[in-house]
Amino acid sequence: MIPSFTISGVLPPFVGSNPAQPSAISPYPTSMSQVVMRFATTPERRTILEGLLDYRHALNAIGFNDGYQWLDGSFVEDVETLEGRPPNDIDVLTVVRRPIGVNDFATLVATNINLFDPGLTKRVYRTDGYIVDLEKPPHLLVNDIVYWYGLFSHKRKTSLWKGMLSVPFDVADDVFARVLL
């Protein structure tokens, strides 16, 4: 379930009275269909969601299907009320295992740069997209997750602590989410 916005217009960093309860903290597990049902409230938001679904489809087409995405940024905030504007994009961290048979991650990136360059993903998919390779050495993987969690769990301008969403790769649910759009 996606929690309601706080009085500050963001997802809460935790729900309930105990922030030490693992099941009650951000990132909140959800599905793409639930994201669409909650956030497809304006033409701008629907366009961003179409781009996100296209981005997920493109990642799946090159073999990424074992992982999840953290969804964040003004898209998962009440930016219309907070700043009087629609969101421009959605911030996405994709945390995935390499496609089966891919040992050379650098070549995969080079041959699919449109899915790995955040400037291109933003322009093509309205998705400020970043990828964490779960096949990295553990100490580097931990550093990446700590970095992205710290960045995504706070508003850039105010440092307000906030929540985010976690969506697994689920092609069937993506099809349903697209129907809902």
Side-chain angles (χ1 to χ4, degrees), residues 1-42 44-53 55-56 59 64 66-97 118 121-122 125-134 136 138-170 173-174 177 180-181:
M1 180 169 131
I2 302 172
S4 299
F5 291 131
T6 66
I7 194 166
S8 300
V10 298
L11 296 174
F14 63 92
V15 293
S17 60
N18 183 1
Q21 181 66 32
S23 64
I25 62 171
S26 168
Y28 300 105
T30 190
S31 65
M32 278 307 302
S33 57
Q34 290 173 334
V35 170
V36 166
M37 287 187 280
R38 169 74 182 274
F39 292 102
T41 56
T42 65
E44 294 90 354
R45 284 179 173 275
R46 285 189 290 277
T47 298
I48 292 168
L49 284 165
E50 287 172 3
L52 174 58
L53 287 166
Y55 180 60
R56 289 168 59 86
L59 288 170
F64 287 112
D66 184 8
Y68 57 90
Q69 290 177 315
W70 284 352
L71 308 182
D72 193 52
S74 64
F75 186 86
V76 297
E77 298 172 7
D78 188 8
V79 69
E80 290 87 349
T81 301
L82 294 173
E83 299 181 24
R85 66 168 181 85
N88 296 317
D89 60 21
I90 185 168
D91 296 349
V92 178
L93 178 67
T94 302
V95 182
V96 286
R97 293 200 182 282
T121 62
K122 188 181 278 196
Y125 300 105
R126 305 279 307 263
T127 299
D128 193 6
Y130 301 88
I131 295 179
V132 170
D133 173 17
L134 284 171
K136 280 184 173 187
H139 69 285
L140 297 176
L141 183 59
V142 169
N143 287 344
D144 279 355
I145 296 301
V146 167
Y147 170 79
W148 288 108
Y149 184 82
L151 190 65
F152 274 25
S153 65
H154 294 84
K155 285 186 64 79
R156 185 176 350 139
K157 292 179 183 174
T158 65
S159 298
L160 175 70
W161 191 21
K162 64 180 185 137
M164 65 187 117
L165 303 175
S166 180
V167 180
F169 276 96
D170 181 346
D173 186 59
D174 283 10
L180 291 172
L181 270 177

Exercise. Under 3.5 Å, side chain of R38 to main-chain N/O of P3, donor-acceptor pair present?
Worked result: yes

For this session: Report the relative orientation of the aromatic rings in W70 and Y68; use parallel for angles under 30°, tilted for 30 to 60°, perpendicular for over 60°.
Result: tilted

For this session: To the nearest 0.5 Å, tell me how far D78 CG sits from F5 CZ.
Result: 5.0 Å

For this session: Would you name the heavy atoms of I25 and P22 that are closest together and state the gap between them?
Result: CG1-O, 3.3 Å

Problem set entry | Donor-acceptor contact present, side-chain T158 to main-chain L160, <3.5 Å | yes

Seminar exercise, completed: To the nearest 0.5 Å, atom CG of L181 lies from atom CG of L52 at 9.5 Å

Exercise. Can T121 and Y130 be said to form a side-chain contact (heavy atoms from CB on, under 4.5 Å), step by step?
Worked result: CA-CA 9 Å; T121 62; Y130 301 88; over 6 Å; no

For this session: Kindly indicate whether the side chain of F14, heavy atoms from C-beta on, has any atom under 4.5 Å from the side chain of S26.
Result: no

For this session: Working to the nearest 0.5 Å, report the span between CZ of F75 and OG1 of T127.
Result: 9.5 Å

Exercise. Under 4.5 Å between any side-chain heavy atoms of S8 and W161, yes or no?
Worked result: no

For this session: Could you tell me the separation between the CG atom of L93 and the CZ atom of F152, rounded to the nearest 0.5 Å?
Result: 5.5 Å

Exercise. Closest approach of P12 and V15, non-hydrogen atoms and distance?
Worked result: CG-CG1, 3.9 Å

For this session: State, yes or no, whether a side-chain contact exists between T30 and S166 at a heavy-atom distance under 4.5 Å.
Result: no

Exercise. So, does R46 use its side chain to make a donor-acceptor pair with the main chain of A40 at under 3.5 Å?
Worked result: yes

Exercise. Judged by atom type as modelled, is there a donor-acceptor pair below 3.5 Å linking the side chain of Q34 to the main-chain atoms of S31?
Worked result: yes

Problem set entry | Validation row, ring centre F169 to ring centre F64 under 6.0 Å | no

Problem set entry | From D133 atom CG to T94 atom OG1, the distance as rounded to the nearest 0.5 Å | 12.0 Å

Problem set entry | Stepwise side-chain contact (heavy atoms from CB on, under 4.5 Å) check, L151 with Y147 | CA-CA 6 Å; L151 190 65; Y147 170 79; 3.8 Å; yes

Exercise. Could you go step by step and tell me if D89 and K122 meet the salt bridge (charged side-chain N to carboxylate O under 4.0 Å, His left out) rule?
Worked result: CA-CA 7 Å; D89 60 21; K122 188 181 278 196; 3.3 Å; yes

For this session: Could you give me the CA-CA distance, side-chain angles and deciding distance for D91 and V76, then say whether side-chain contact (heavy atoms from CB on, under 4.5 Å) is met?
Result: CA-CA 9 Å; D91 296 349; V76 297; over 6 Å; no

For this session: Identify, with sequence neighbours excluded, every residue that meets side-chain hydrogen bond (donor to acceptor under 3.5 Å, both in side chains) alongside K162.
Result: D72, E77

Exercise. Below 4.5 Å, heavy atoms only, C-beta onward: do Q69 and V95 meet side chain to side chain?
Worked result: no

Exercise. With a 4.5 Å heavy-atom cut-off, do L180 and M37 have their side chains touching?
Worked result: yes

For this session: Assess whether atom CZ of R85 is packed by more than 12 heavy atoms of other residues, nucleotides or ligands within 6.0 Å.
Result: yes

Problem set entry | Residues R45, E80: salt bridge by 4.0 Å N-O rule | yes

Problem set entry | Nearest heavy atoms of Y28 and P13, plus distance in Å | OH-C, 3.4 Å

Problem set entry | Contact check, side chains of I90 and D128, non-hydrogen atoms, under 4.5 Å | no

For this session: Would you indicate whether the side-chain heavy atoms of V36 and S33 approach each other to under 4.5 Å?
Result: no

For this session: For the residue pair L71 and V92, establish whether any side-chain heavy-atom pair is separated by less than 4.5 Å.
Result: yes

Exercise. With sequence neighbours excluded, what pairs up with D174 under the salt bridge (Lys or Arg N to Asp or Glu O under 4.0 Å) test?
Worked result: R56

Exercise. How long is the gap from OH on Y125 to CD1 on I48, to the nearest 0.5 Å?
Worked result: 16.0 Å

